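Just so you know, these numbers come straight off a predicted model, no measurement behind them. Ligands are counted one by one from 1 in listed order, and the atoms in each one are counted from 1 as well.
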Amino acid sequence: MNTPRYFALIPAAGVGTRLGATIPKQYMQLAGQPMLAHVLTTFAAASLISHVFVVVSADDGYIADLMAAAPHLQGRVTVLFHGGASRQESVLNGLQAIRQQVDEEDWILVHDAARPGLTQSLIQHLITTLGGDLVGGLLALPVVDTLKRGDQNARVAQTVERAALWAAQTPQMFRYSLLTRALILADAVTDEAGAVELLGLQPRLVEGSPRNFKVTLPHDVALAEMFLKE
Ligand code: CTP
Ligand code: MG
């Protein structure tokens, strides 16, 4: 059997409702480039990554300009116009579209277009930690704040034990066949690990970084730019 390879799959078919910009958030300019361009450039430059796939919506009107302005992505990035109604659907559509180009045992690193702070060293850390793993796993951060469960009136119902809690990030890295099977069977999960957990498996938590946060709300934009200009 061939040595497993590593592929990146970037779901980028959302609209960015919570950010509320006039264009989908993955195309917003951050530190001089569209958010998605930062992510594609990072993966395209990663020597451990064989190829990068990005999933956009069928009627995407921005990706062509982004690719045309980025000659360094040519040959390293393939655009798939297969976005779905949810992130889970976009990822699954992408996996099914690349079936002929990957082996069952190849690793797929799924990464949000909305996390432009990802670095080469985080990719390397994830791959070297999980390369021999039977299940796979994800970048995540141990929770540091005290957590409260609120009721409908924004009153504290309960303080939640924090000790074992992690906040999930991406990339989330699983083998092609396992990930595809998990996402077909799962009903409305918000990340790949959630789907794999439903199969009774335990994805490994690998410590990520605060700079790899997901740009979600308007106030996140300035913080993302600060990290990107560092
Ligand atoms: N995504 C996708 N297809 C969808 C929805 C989301 O590919 N139907 C992608 C987004 O483009 C993003 C990632 O999944 O890269 C994480 O999703 P999120 O941060 O929630 O982005 P949006 O769904 O665009 O934002 P919002 O939920 O605020 O509308
Ligand atoms: Mg969303």
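For atom 14 (O) of ligand 1, the choice among K214, R87, H111 with the nearest heavy atom turns out to be R87. Comparing T17, L36, L217 by heavy-atom distance to atom 29 (O) of ligand 1, the nearest is T17.
The shortest N or O to N or O distance between T216 and ligand 1 is not under 3.5 Å. For P11, a nitrogen or oxygen atom sits less than 3.5 Å from a nitrogen or oxygen atom of ligand 1, counting backbone and side chain alike. At least one N or O atom of G14, backbone or side chain, sits closer than 3.5 Å to an N or O atom of ligand 1. Considering backbone and side-chain N/O of V15, one or more are found under 3.5 Å from N/O of ligand 1.
Looking at S57 against ligand 1, nothing comes within 4.0 Å, counting heavy atoms.
At distances below 3.5 Å, at least one donor-acceptor pair connects side-chain atoms of S177 with backbone N or O atoms of E104. Listed for the R87 side chain is no donor-acceptor partner under 3.5 Å among the backbone atoms of D112. Put simply, the side chain of Q120 gets close to the backbone of T42: a donor and an acceptor are under 3.5 Å apart.
Using 4.0 Å as the threshold, D112 has a heavy atom nearer than that to some atom of ligand 1. At least one heavy atom of G16 sits under 4.0 Å from some atom of ligand 1.
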Practice problem: Evaluate the criterion side chain to side chain donor-acceptor pair (under 3.5 Å) for residue pair Y27 and D60; output intermediate values, then yes/no. | Solution: CA-CA 11 Å; Y27 294 111; D60 185 292; 2.6 Å; yes
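Shown here is Q101, whose CD atom has more than 12 heavy atoms of other residues, nucleotides or ligands within 6.0 Å. Residue-environment remark: CG (D151) exceeds the threshold of 12 foreign heavy atoms within 6.0 Å. Remark: Q96 CD is packed, more than 12 non-hydrogen atoms of other residues, nucleotides or ligands lying under 6.0 Å away. Crowding of L134 atom CG: a count of heavy atoms from other residues, nucleotides or ligands under 6.0 Å not exceeding 12.
Closest protein heavy atom to atom 20 (O) of ligand 1: R18 NH2, 3.0 Å. Closest to atom 19 (O) of ligand 1, if we only count protein heavy atoms, is K25 NZ, 2.8 Å. Counting only heavy atoms of the protein, atom 7 (O) of ligand 1 lies nearest to A13 N, 2.9 Å. Ranking the protein heavy atoms by distance from atom 8 (N) of ligand 1 puts G84 O, 2.9 Å first.
R175 and D106 are not joined by a salt bridge, as no carboxylate oxygen comes within less than 4.0 angstrom of a charged side-chain nitrogen.
Remark: ligand 1 atoms within the under-4.0 Å shell around heavy atoms of A85 are 8 (N). The distance from ligand 1 to the heavy atoms of A114 drops below 4.0 Å at these ligand atoms: 15 (O). Close contacts between ligand 1 and S90 involve ligand atoms 2 (C), 3 (N), 4 (C), 7 (O), 8 (N) [criterion: under 4.0 Å to a heavy atom].
Side-chain contact between H111 and L118: present, with at least one pair of heavy atoms (C-beta onward) separated by less than 4.5 Å.
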